[in-house]
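Report on the structure given below.
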Amino acid sequence: QVRLVESGGGLVQAGDSLTLSCTTSGFTFTSYAMAWFRQAPGKEREFVAAISWSGSAPRLADSVKGRAAISRDNAKNTVFLQMYGLKPDDTAIYYCAADYRLNLRVSAAQHDYDYWGQGTQVTVSS
């Protein structure tokens with residue numbers, strides 16, 4: 001059974017930092033690029049960050065460049081999203097997703113992703 005379980009969300013203040021984790025099971029983690037997406041209230045889900053199966057080629061959305069980093073631990077089947085200098089606009093449900101992809105490219109397109117987690121809420125107060 002495929003599982004992606006996000007954790008690390010919560011209520012923080014503007015300017016704080018946060019690290020989200022996504023622990024996975026049920027599929028070959030090293031055959032998948034991993035990504036984070038988010039959905040703010042009343043808005044469509046959007047791409048945040050992605051990383052190739054090897055941990056190379058990290059890609060960040062313009063909205064978080066300079067304020068976020070994506071990484072993965074293949075030994076623990078886990079992907080991380082570190083965010084710094086959080087803003088109220090970062091308030092959203094954050095989802096991790098897995099894309100079967102053996103090359104070193106990553107996609108920002110939701111339809112490329114095969115598996116999704118249930119999400120973790122991040123709320124940034126001003």
Side-chain angles (χ1 to χ4, degrees):
Q1 181 181 4
V2 172
R3 294 191 70 197
L4 291 80
V5 180
E6 301 94 339
S7 61
L11 174 63
V12 297
Q13 292 187 333
D16 284 352
S17 300
L18 195 68
T19 297
L20 304 180
S21 302
C22 174
T23 301
T24 73
S25 60
F27 62 98
T28 304
F29 189 66
T30 51
S31 294
Y32 287 75
M34 298 298 297
W36 289 91
F37 291 81
R38 67 185 182 185
Q39 187 167 21
K43 296 186 178 180
E44 295 187 352
R45 190 159 56 184
E46 65 177 6
F47 170 77
V48 178
I51 191 167
S52 71
W53 69 267
S54 69
S56 64
R59 179 176 177 179
L60 298 173
D62 289 343
S63 59
V64 299
K65 276 183 182 175
R67 302 191 299 116
I70 185 170
S71 60
R72 64 190 291 162
D73 184 339
N74 285 346
K76 296 182 178 180
N77 294 346
T78 301
V79 62
F80 305 95
L81 179 68
Q82 295 174 288
M83 298 190 70
Y84 317 95
L86 284 159
K87 305 175 182 180
D89 283 350
D90 294 317
T91 295
I93 299 173
Y94 284 72
Y95 300 90
C96 71
D99 170 23
Y100 181 76
R101 186 178 293 268
L102 300 179
N103 59 33
L104 297 181
R105 298 178 182 177
V106 295
S107 171
Q110 296 183 49
H111 62 77
D112 282 332
Y113 287 82
D114 306 294
Y115 304 129
W116 291 81
Q118 294 298 307
T120 186
Q121 176 72 48
V122 174
T123 303
V124 184
S125 65
S126 58

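These numbers come from a predicted model, not from an experiment.
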Treating Ile, Leu, Val, Met, Phe, Trp and Tyr as nodes and any side-chain heavy-atom pair under 4.5 angstrom as an edge, say whether Val79 and Leu20 lie in one connected cluster. yes
So NZ of Lys87 and OG of Ser126: to nearest 0.5 Å the spacing works out to 13.5 Å
At their closest point, which heavy atom of Tyr113 faces which heavy atom of Ala33, and how far apart are they? CE2-O, 4.2 Å
Does atom CD of Gln39 have more than 12 heavy-atom neighbours, drawn from other residues, nucleotides or ligands, at distances under 6.0 Å? yes
Any donor-acceptor pair under 3.5 Å from Trp53 side chain to Leu102 backbone: yes
Closest heavy-atom pair and its distance - Ile70, Met34: CD1-O, 4.0 Å
Check step by step if side-chain contact (heavy atoms from CB on, under 4.5 Å) holds for Ser54 and Leu104. CA-CA 7 Å; Ser54 69; Leu104 297 181; 3.4 Å; yes
Out of curiosity, does Trp116 fall in the hydrophobic cluster containing Phe80 (side-chain heavy atoms, cut-off under 4.5 Å, transitive links)? no
Could you check whether any side-chain heavy atom of Gln121 comes within less than 4.5 Å of a side-chain heavy atom of Leu11, counting everything from C-beta outward? no
Is there a chain of hydrophobic side chains (I, L, V, M, F, W, Y, each step under 4.5 Å between heavy atoms) that links Val106 to Phe47? no
Let me check something: do Met83 and Leu60 share a hydrophobic cluster, defined by ILVMFWY side-chain heavy atoms less than 4.5 Å apart, either directly or through other members? yes
Just so I know, are the side chains of Tyr94 and Cys22 near enough to count as touching, which here means a heavy-atom distance under 4.5 Å? no
Answer yes when Asp62 and Lys65 have at least one side-chain N-carboxylate O distance shorter than 4.0 Å, and no when they do not. yes
Tell me whether Ser125 contacts the main-chain N or O of Val12 through its side chain, where contact means a donor paired with an acceptor under 3.5 Å. yes
Spacing of OG1 belonging to Thr123 relative to CD1 belonging to Ile93, to within rounding of 0.5 Å: 9.0 Å
Do the side chain of Tyr95 and the main chain of Glu6 share a donor and acceptor less than 3.5 angstrom apart? no
Side-chain contact test, heavy atoms from C-beta onward, threshold under 4.5 Å: evaluate it for Asp99 versus Asp114 and give yes or no. yes
Could you tell me whether a side-chain N or O of Asn77 sits under 3.5 Å from a main-chain N or O of Phe29, the two making a donor and an acceptor? no
Here the gap from Arg101 atom CZ to Asp112 atom CG, rounded to the nearest 0.5 Å, amounts to 5.0 Å
Between Leu81 and Arg38, does the side-chain contact (heavy atoms from CB on, under 4.5 Å) criterion hold? Intermediate values first, please. CA-CA 12 Å; Leu81 179 68; Arg38 67 185 182 185; over 6 Å; no
Is there side-chain contact between Thr24 and Tyr115, with heavy atoms separated by less than 4.5 Å? no
Look only at the side chain of Asp16 and the backbone of Leu86, and say whether a donor-acceptor pair between them is shorter than 3.5 Å. no
In terms of hydrophobic clustering (I, L, V, M, F, W, Y; side-chain heavy atoms under 4.5 Å; direct or indirect links), are Leu4 and Tyr100 co-clustered? yes
Which pair of heavy atoms, one from Phe37 and one from Ala108, lies closest together, and at what distance? CE2-O, 3.6 Å
When rounded to the nearest 0.5 angstrom, what is the spacing between CZ in Arg105 and OG in Ser56? 12.5 Å
Distance-only, no hydrogens or angles: does the Arg72 side chain make a donor-acceptor pair with backbone N or O of Ser52 under 3.5 Å? yes
